[in-house]
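As structure tokens, the structure follows; a few thoughts come after it.
Proteins get letters first, then strands, A, B, ... in listed order; numbering begins at 1 in each.
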Protein chains: 2
Amino acid sequence: MTQPDSAEKDDFDLRNFLPFLLNQAAEESSLDFQKVYKNRYGMLRTEWRVLFHLGNYGEMTAKQIGERAKMHKTKISRAVHKLEQRRYLRRTRDENDRRMERLTLTPAGLTVYRELRDIARDYDARLAGMFTTGEAALLRMMLRRLVGMD
Amino acid sequence: MTQPDSAEKDDFDLRNFLPFLLNQAAEESSLDFQKVYKNRYGMLRTEWRVLFHLGNYGEMTAKQIGERAKMHKTKISRAVHKLEQRRYLRRTRDENDRRMERLTLTPAGLTVYRELRDIARDYDARLAGMFTTGEAALLRMMLRRLVGMD
DNA sequence: GGATAATAGTTGATTTTGTAACTAACAACC
DNA sequence: GGTTGTTAGTTACAAAATCAACTATTATCC
């Protein structure tokens with residue numbers, strides 16, 4: 001592993017490249033939590049995202065979830081189907097605009113959501129525990145800014 | 001979108017959940033740069049990652065790349081094949097241990113690497129420009145810690 | 001030194017994602 | 001009020017990721 005670019009100065013360092021670091025961190029930070037909803041509930045990432053949105057925000061349409069989660073509508077469509085099959089959510093067509101349907105969690109879905117939410121909360125605390133309170137707050141703030149949430 | 005959990009206090013906020021935020025930020029921050037290597041060189045994410053590792057660190061084996069990039073070996077195997085087809089890299093079997101092969105960029109591969117590296121550098125600067133110098137440094141530090149790089 | 005286990009990398013089958021075309025319902029415009 | 005354009009969501013097909021089984025080579029250990 002010699003530097004091929006030692007002649008020209010290659011001051012670029014992949015290990016500090018933000019998109020790379022963010023991807024690594026995202027991957028790493030999702031892994032343990034993923035095991036829970038995957039092994040315990042047989043859910044995919046797309047599915048828990050939909051579940052979490054409905055649990056956290058309440059009734060939403062597929063469109064709205066797509067906007068908030070930045071997920072493509074086909075992913076959502078399929079996730080909704082799976083969650084419906086498992087009786088975690090119910091869909092009711094909007095009578096004012098019959099193109100869209102209102103999605104809500106069933107009691108069973110809400111139970112699962114609450115369980116996963118509690119685990120998520122602990123998990124988040126564990127991650128945040130790697131930093132001081134101020135640092136963690138700053139981290140969230142910066143990530144929100146990167147995402148355009150502020 | 002009413003809060004279904006208003007009875008019990010649901011102080012969990014998906015918008016501040018670190019794994020979610022990290023995923024969003026990673027997605028967002030990869031998108032623009034992805035367009036470059038995708039549209040301009042027809043490369044996949046896996047492929048530019050391998051290319052960047054070889055360009056940035058010099059000669060490596062597939063195994064080593066897998067460890068650093070936390071990519072599964074099948075992904076790497078396929079990415080290496082593609083890059084080889086495009087004559088961006090060359091593989092030579094290690095004579096001491098004939099199971100592995102040393103991967104190096106060809107001059108053509110190095111040229112592409114340098115071009116993408118420069119774009120990456122600019123792009124990174126643009127992202128970092130959303131924060132003060134100190135904040136950006138802290139962000140990188142925190143991400144590295146999350147990834148277990150420190 | 002020969003059997004057994006481990007390692008580097010590949011291949012094939014399955015699952016998941018991405019892309020584009022589609023249906024159904026509504027909106028806008030003339 | 002009918003044509004044209006948009007929007008919500010689905011479906012079909014192609015591309016890519018995941019998982020398990022495989023080959024070839026080296027290491028271990030009796």
Side-chain angles (χ1 to χ4, degrees), chain A residues 1 23-24 26-28 30-31 34-35 37-39 41-51 53-54 59-86 89-104, chain B residues 1 23-24 26-28 30-31 34-35 37-39 41-51 53-54 59-86 89-104:
Chain A
M1 289 206 306
N23 264 288
Q24 298 278 94
E27 201 65 33
E28 180 72 23
S30 297
L31 223 72
Q34 180 171 41
K35 280 175 198 149
Y37 58 74
K38 192 167 187 177
N39 298 340
Y41 298 102
M43 275 198 271
L44 258 34
R45 181 137 65 188
T46 50
E47 288 156 34
W48 87 250
R49 278 203 185 170
V50 169
L51 185 89
H53 273 78
L54 293 175
E59 181 181 281
M60 293 178 85
T61 68
K63 180 81 190 311
Q64 289 173 315
I65 297 175
E67 281 161 1
R68 295 221 186 193
K70 288 193 185 121
M71 286 169 63
H72 196 270
K73 54 185 183 170
T74 59
K75 269 206 238 182
I76 295 174
S77 176
R78 292 192 256 246
V80 165
H81 275 278
K82 285 254 180 67
L83 292 173
E84 193 186 26
Q85 277 170 22
R86 271 174 215 150
L89 70 74
R90 191 176 16 244
R91 54 209 322 184
T92 56
R93 198 153 282 284
D94 186 315
E95 280 308 322
N96 290 340
D97 184 343
R98 299 184 43 72
R99 282 173 301 185
M100 62 190 176
E101 37 196 19
R102 322 185 149 279
L103 308 171
T104 48
Chain B
M1 292 209 304
N23 263 288
Q24 298 276 95
E27 199 67 32
E28 181 73 22
S30 298
L31 224 71
Q34 179 171 41
K35 279 177 199 147
Y37 58 73
K38 191 166 188 178
N39 298 340
Y41 298 101
M43 275 200 272
L44 258 34
R45 179 136 69 186
T46 52
E47 289 156 34
W48 87 249
R49 279 203 184 170
V50 169
L51 185 90
H53 273 78
L54 293 174
E59 181 181 280
M60 294 178 84
T61 67
K63 180 80 191 310
Q64 289 173 315
I65 296 175
E67 281 161 2
R68 295 222 187 193
K70 291 198 184 115
M71 281 169 66
H72 196 271
K73 55 184 183 173
T74 60
K75 267 204 241 181
I76 294 174
S77 176
R78 281 164 178 140
V80 166
H81 275 278
K82 285 255 180 67
L83 291 173
E84 193 187 25
Q85 277 172 21
R86 269 171 219 156
L89 70 77
R90 191 174 18 245
R91 52 210 320 184
T92 56
R93 197 153 284 283
D94 185 314
E95 281 308 322
N96 290 340
D97 184 343
R98 298 183 44 71
R99 283 171 303 185
M100 60 191 178
E101 37 196 21
R102 321 185 148 283
L103 307 171
T104 49

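Heavy-atom distances to DNA chain D give each of B/Glu95 and A/Ser77 a nearest nucleotide, and the one nearer the 5′ end belongs to A/Ser77. Mapping A/Asp97 and B/Ala62 onto DNA chain C by nearest heavy atom places B/Ala62 closer to the 5' end of the strand.
Put simply, NZ on A/Lys35 is 15 Å from P on D/dT18, counting in whole angstrom units. At whole-Å resolution of the value, CD1 in B/Ile65 and P in C/dT7 are 19 Å apart. Here C/dA24 presents its P atom at 14 Å from CD of A/Glu101, a figure rounded to the nearest Å. As a whole-Å value, the separation of A/Asp94 CG from C/dA25 P is 13 Å. One can place CD of A/Gln85 at 14 Å from C1' of D/dT10, the figure rounded to the nearest angstrom. The CE-C1' distance, from B/Met100 to D/dT26, rounds to 10 Å in whole Å. In this structure, the CD1 atom of B/Ile76 is 11 Å from the P atom of C/dA8, given to the nearest Å. Put simply, CH2 on B/Trp48 is 17 Å from P on D/dA16, counting in whole angstrom units.
Side-chain atoms of A/Ile65 and A/Leu103, non-hydrogen and from C-beta on, do get closer than 4.5 Å to each other. B/Arg78 places none of its side-chain heavy atoms less than 4.5 Å from the side chain of B/Leu44. Considering only heavy atoms from C-beta on, A/Glu27 stays 4.5 Å or farther from A/Gln34 through its side chain.
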Table of protein N/O atoms under 3.5 Å from nucleotides 2-6 of chain D N/O atoms:
none

Between N or O atoms, less than 3.5 Å apart, protein on one side and nucleotides 17-20 of chain C on the other: list the pairs.
from: C/dG18; atom 1: OP2; to: A/Lys75; atom 2: NZ; distance (Å): 3.4
from: C/dG18; atom 1: N7; to: A/Arg78; atom 2: NH2; distance (Å): 3.2
from: C/dG18; atom 1: O6; to: A/Arg78; atom 2: NH1; distance (Å): 3.3
from: C/dG18; atom 1: O6; to: A/Arg78; atom 2: NH2; distance (Å): 2.7

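For the atom pair A/Leu51 CG and A/Tyr37 OH, the distance stands at 11.5 Å (nearest 0.5 Å).
Contact between the side-chain N/O atoms of B/Arg91 and the OP1/OP2 oxygens of C/dT10 is found at a separation under 4.0 Å.
Nearest heavy-atom pair, A/Ile76 versus A/Ala62, reported as atom, atom and distance to 0.1 Å: CD1-O, 3.6 Å. The nearest pair of heavy atoms linking A/His53 to A/Ala69 is CE1-CB, 3.5 Å.
Looking at A/Arg90, A/Arg93, A/Lys63 one by one, the single match for salt bridge (Lys or Arg N to Asp or Glu O under 4.0 Å) with A/Glu101 turns out to be A/Arg93.
For B/Lys82, the salt bridge (charged side-chain N to carboxylate O under 4.0 Å, His left out) partners at least two apart in sequence or on another chain are B/Glu47.
Using a cut-off of 4.0 Å between Lys/Arg side-chain N and Asp/Glu carboxylate O, B/Arg98 and B/Glu95 are scored as salt-bridged.
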